[in-house]
Student: 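Just passing along the structure, written as structure tokens.
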Amino acid sequence: MGSKWRKAKLALGLNMCLYVPPTDVEQRDSSSSPSPARLFSRSSHGSTTPTPSSSGLRLSTSPDSNNKRTCAICLTAMKTGQGQAIFMAECSHSFHFHCIASNVKHGNQICPVCRAKWKEIPFQRSVSDVTCGKPRMSALGWPQDDAWMTVLRRLPPARTDANRHISSHYQANEPAIFDDDEDLDPQHETAEGNTSTQDAGDVNSVRTVEVFTYTEVSAVPKSVSYDNFTILIHLKAPLTSGRQNRNWNHAESPQSSQDSRAPVDLVTVLDVSGSMSGTKLALLKRAMGFVIQNLGPSDRLSVIAFSSTARRHFPLRRMTETGKLEALQAVNSLVSSGGTNIAEGLRKGFKVVVDRKWKNPVCSIILLSDGQDTYTISGTSMTRPQADYKSLLPTSIHRNGSSGFRIPVHAFGFGSDHDAASMHSISEISGGTFSFIEAEGVIQDAFAQCIGGLLSVVVQELQVKVESLHPRLEIGSIQAGSYKSSIMANAIMGFVDVGDLYAEEERDFLVTVNIPVDGTSDEMSLLKVSCTYRDPMTKGMMTLEEASQVKIQRPEITGTRVVSMEVEKQRNRLRAAEAMAEARAAAENGDLARAVSVLESCGKALSETASTRAGDRLCIALCAELKEMQERMASRRVYETSGRAYILSGLSSHSWQRATARGDSTDSTNLMQAYQTPSMADMVTQSQTMVFGTPSSQRKLRQTMSFPAARPRPR
């Protein structure tokens, strides 16, 4: 089995060449030769596969005698008098009306059979949910058989048959309750309810959260009170055990790295609507192949696909060598058709999470969509109401739920037509991030960055507590972005619920206090900072009592006040995030001029701060980001197609202090990746160094994209 998986990895990472259907011009220029995009034959199992020959693929010279009696989209019979309308195109090919109406609603005006460009297309106000069979060919004629299936066909016959029917078996036998998840790896299984608490000093310090504090200024005169005095609390998560070795090799296998981290339950909810056909679906499959390749044998994966409806294509199974091969088969079986029902896909994904019998320490959902939800809400992007996606998330896993059982949804908006506002709302409610994939070719890098974090969780349920150490000192505010914070009524104690941290991930929170006059001492204690968290490997609760005490000097007089650079950097971050939110609100109200003005003013103010002049990386990145956002508000059209998504992705990144993808910004050399952890950067590098075709095939791939090619990444 090992050699079989090695063959699969070679096909995924080294020898996989994506075929791009020719353009209309290329078709006309090569009319004398058959188009490879249409060269299919039906296998004995009903799958659509290319027909091999010694000189490549050849088109059969005998026409299909059933092509006028079979719908080329759903591959079921077309008979009159059975209550289904039949549409005949100007090229004389016929289809079920609701099949072709769903096909063309996303702008596709090419015949699925002969590739002729239509001048007249069918129109349907609302596509029916009724399906007439499982489609076996995508709208753009992409072969459903690629390198993964080639590997599967080379397996022994009995094994091939088993793998080939896995996806259809799971779909045909989808249970009412998804409690058929595979048992956990006994090596990592820990009895539930183990909530023992230990002091952090009892364990290796490498696994301990580091806490640092910085005061706005180091000294305040005794005779002076100071309201809204700012204190920065800086947290840094520990390394994973696998990174403690300085000679750590980022090419290590998932098995070798599995023992040093907590295993993951990952549920992917993928859009396979008609608009995902062609290049998008091929790149999505490739990205999923990369995810599968990098999961370990203790990790579990489930695949949900949605279009007009949603279906579980693969249950929650461990990614052993057999599990990976079967997961690849399930992903490869995905085809695009129908509308976009994000709500149903989410319901199905959460059902997998809630119904599972066993639970790995880390769990997350990845949601990808390239379109507007055509079932939950209706209307244009400017007039339709905001969907209440909070009602779709089980109450028990809301990020502010009382149970502490939180499942983040990391949402990925794909292309220019996705519903950025709804996707951002879904991620924000659940405690996940929202990424904007503007260039289609970046999808694998975006997924790589996400799983690079998920596969390195070292801290869970982290809560920070701050306490006043002076009887007359009060806590004024806690600025924590999207993290839940609270201050007790007597203003002497406050909390921040941080949740999970990836390896070496950092968090910064600003606490303001009101310092009273105090002439009794030359030094004054302000706050005590402590925290508790769960170690996902041992399941034990860790406590850092008095992790840090905040003190300032109280002399009779002080010299020139010098503000801490660290405090100023975080003030700049929060100021930029507030400007982004204000600009977005103005843009949504139609006032793009005001939106641009807000961003411009903030950028100018940030550029004049001492930290920016000193060359601080974060502050320089913020200025560049604000300028980019101004350009994406040049017009209403630009804002609708990319500006809104770009801003929301930025807000998500800054409010959670976690890396998100924006265009090609997963590149670790990009200044916007201030929150990218070493594990994330390593995974992105691994994704970018994978060879996936010849330079000519990559050029053809970029030509078919709906967006400009991403800027070249420096190596």
Student: Is the backbone N or O of Gly339 less than 3.5 Å from a side-chain atom of Ser308, with the two atoms forming a donor-acceptor pair by type?
Tutor: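 Yes, the answer is positive, given that a donor and an acceptor are paired below the 3.5 Å cut-off.
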Student: Side chain to side chain contact (heavy atoms under 4.5 Å, CB included), that's the test. Do His93 and Met88 meet it? Break it down for me.
Tutor: CA-CA 6 Å; His93 290 113; Met88 177 176 286; over 6 Å; no
Student: Of Asp181, Asp265, Asp180, which meets side chain to side chain donor-acceptor pair (under 3.5 Å) against Arg356?
Tutor: Asp265
Student: Quick check: closest heavy atoms across Phe436 and Ser649, and the distance to 0.1 Å?
Tutor: N-OG, 3.8 Å
Student: What residues form a side chain to side chain contact (heavy atoms under 4.5 Å, CB included) with Ala305, not counting sequence neighbours?
Tutor: Val272, His313, Leu334
Student: About how many Å separate CG of Leu368 and CD1 of Ile443, when rounded to the nearest 0.5 Å?
Tutor: 5.0 Å
Student: Tell me whether the guanidinium CZ or amine NZ of Arg632 lies under 6.0 angstrom from the six-membered ring centre of Tyr646 and within 45° of its axis.
Tutor: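 Yes, a cation-pi geometry holds between Arg632 and Tyr646.
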Student: Mind checking the CG-OG spacing from Leu648 to Ser653? Nearest 0.5 Å is all I need.
Tutor: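 So the CG of Leu648 and the OG of Ser653 are separated by 12.5 Å.
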Student: Would you name the heavy atoms of Ala327 and Leu301 that are closest together and state the gap between them?
Tutor: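 Taking Ala327 first and Leu301 second, the nearest heavy atoms are CB-CD2, 4.2 Å.
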Student: Taking 4.0 angstrom as the limit, do Lys348 and Glu174 come out as a salt bridge?
Tutor: yes
Student: Under 4.5 Å between any side-chain heavy atoms of Lys280 and Glu440, yes or no?
Tutor: yes
Student: Could you tell me which residues satisfy side chain to side chain donor-acceptor pair (under 3.5 Å) with Ser435, sequence neighbours excluded, listed by chain and number?
Tutor: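 Ser435 satisfies side chain to side chain donor-acceptor pair (under 3.5 Å) with no other residue.
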Student: Any side-chain donor-acceptor pair under 3.5 Å between Ser275 and Asp370?
Tutor: yes
Student: Please examine the side chains of Phe412 and Leu367, heavy atoms only from C-beta on, and report whether any two atoms are closer than 4.5 Å.
Tutor: no
Student: Measure the shortest side-chain to side-chain distance between Val264 and Asn360 over non-hydrogen atoms and say whether it is less than 4.5 angstrom.
Tutor: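 SC-SC contact between Val264 and Asn360 ruled out.
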Student: Could you grab the distance from atom NE2 of His410 to atom CD1 of Ile451, nearest 0.5 Å is fine?
Tutor: 12.0 Å
Student: Please report the C-alpha distance between Asn341 and Thr309 in whole Å, then the side-chain angles of each, then the deciding distance to 0.1 Å, and finally whether the side chain to side chain contact (heavy atoms under 4.5 Å, CB included) criterion is met.
Tutor: CA-CA 6 Å; Asn341 196 336; Thr309 58; 5.8 Å; no
Student: Distance-only, no hydrogens or angles: does the Ser422 side chain make a donor-acceptor pair with backbone N or O of Asp419 under 3.5 Å?
Tutor: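 Judged by distance alone, no pair lies under 3.5 Å.
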Student: Should the pair Asp299-Arg318 be classified as a salt bridge under the 4.0 Å nitrogen-to-oxygen rule?
Tutor: no
Student: If we only count heavy atoms from C-beta on, is the Gln686 to Asn294 side-chain gap below 4.5 Å?
Tutor: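 Sidechains of Asn294 and Gln686: in contact.
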Student: To check you understand the geometry: which heavy-atom pair defines the closest contact between His418 and Gly413, and what is its length?
Tutor: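 That would be CD2-CA, 3.4 Å.
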Student: To the nearest 0.5 Å, what is the distance between CD1 on Ile647 and CZ on Arg662?
Tutor: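 It is 11.0 Å, given to the nearest 0.5 Å.
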Student: Looking at side-chain heavy atoms only, is the closest gap between Phe178 and Val353 below 4.5 Å?
Tutor: no
Student: Look only at the side chain of Ser425 and the backbone of Ala421, and say whether a donor-acceptor pair between them is shorter than 3.5 Å.
Tutor: no
Student: Could you list the residues that satisfy ring pair (Phe, Tyr, Trp, His ring centres under 6.0 Å) with Phe306, not counting sequence neighbours?
Tutor: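 By the ring pair (Phe, Tyr, Trp, His ring centres under 6.0 Å) rule, Phe306 matches no residue at all.
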Student: When the ring planes of Phe434 and His424 are compared, do they come out parallel, tilted or perpendicular, using 30° and 60° as the limits?
Tutor: perpendicular
Student: Evaluate the side-chain proximity of Val684 to Phe447: yes if any heavy-atom separation is below 4.5 Å, no if none is.
Tutor: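 No, side chains not in contact.
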Student: What heavy-atom pair brings Gly452 and Ser679 nearest, and what distance separates the two atoms?
Tutor: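 Heavy atoms only, the tightest pair is O-CB, 3.5 Å.
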Student: What closest approach, in Å, do Ser652 and Thr660 show between heavy atoms, and which atom pair accounts for it?
Tutor: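 The answer is OG-CG2, 4.1 Å.
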Student: Would Leu270 and Val303 satisfy side chain to side chain contact (heavy atoms under 4.5 Å, CB included), going step by step from the backbone distance to the final call?
Tutor: CA-CA 8 Å; Leu270 309 175; Val303 179; 4.2 Å; yes
Student: For Leu266 versus Leu316, what's the shortest heavy-atom pair and its separation?
Tutor: O-CD1, 4.1 Å
Student: Is there side-chain contact between Arg312 and Ser302, with at least one heavy-atom pair below 4.5 Å?
Tutor: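 Of all side-chain heavy-atom pairs linking Ser302 with Arg312, at least one is under 4.5 Å.
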Student: Taking NZ, NE, NH1 and NH2 as the nitrogens, is one of them in Arg347 or Glu344 under 4.0 Å from a carboxylate oxygen of the other?
Tutor: yes
Student: State the CD-CD distance between Gln444 and Gln688, to the nearest 0.5 angstrom.
Tutor: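 So the CD of Gln444 and the CD of Gln688 are separated by 9.5 Å.
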Student: Could you please spell out the steps behind the side chain to side chain contact (heavy atoms under 4.5 Å, CB included) verdict for Val267 and Phe350?
Tutor: CA-CA 9 Å; Val267 180; Phe350 283 121; over 6 Å; no
Student: Indicate whether the side chain of Thr433 and that of Arg658 have a donor and an acceptor atom separated by less than 3.5 Å.
Tutor: no
Student: Is it true that a side-chain atom of Ser364 and a backbone atom of Pro408 form a donor plus acceptor pair closer than 3.5 Å?
Tutor: yes
Student: Just verifying a value: how many Å separate Leu346 CG and Lys351 NZ, rounded to the nearest 0.5 Å?
Tutor: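 These two atoms lie 14.5 Å from each other.
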Student: I'd like to check Ile292 versus Val331 (side-chain heavy atoms, cut-off strictly below 4.5 Å). Are they in contact?
Tutor: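 Heavy-atom side-chain distance check passes, below 4.5 Å.
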Student: Is a donor from one side chain sitting under 3.5 angstrom from an acceptor on the other, for Asp445 and Ser687?
Tutor: yes
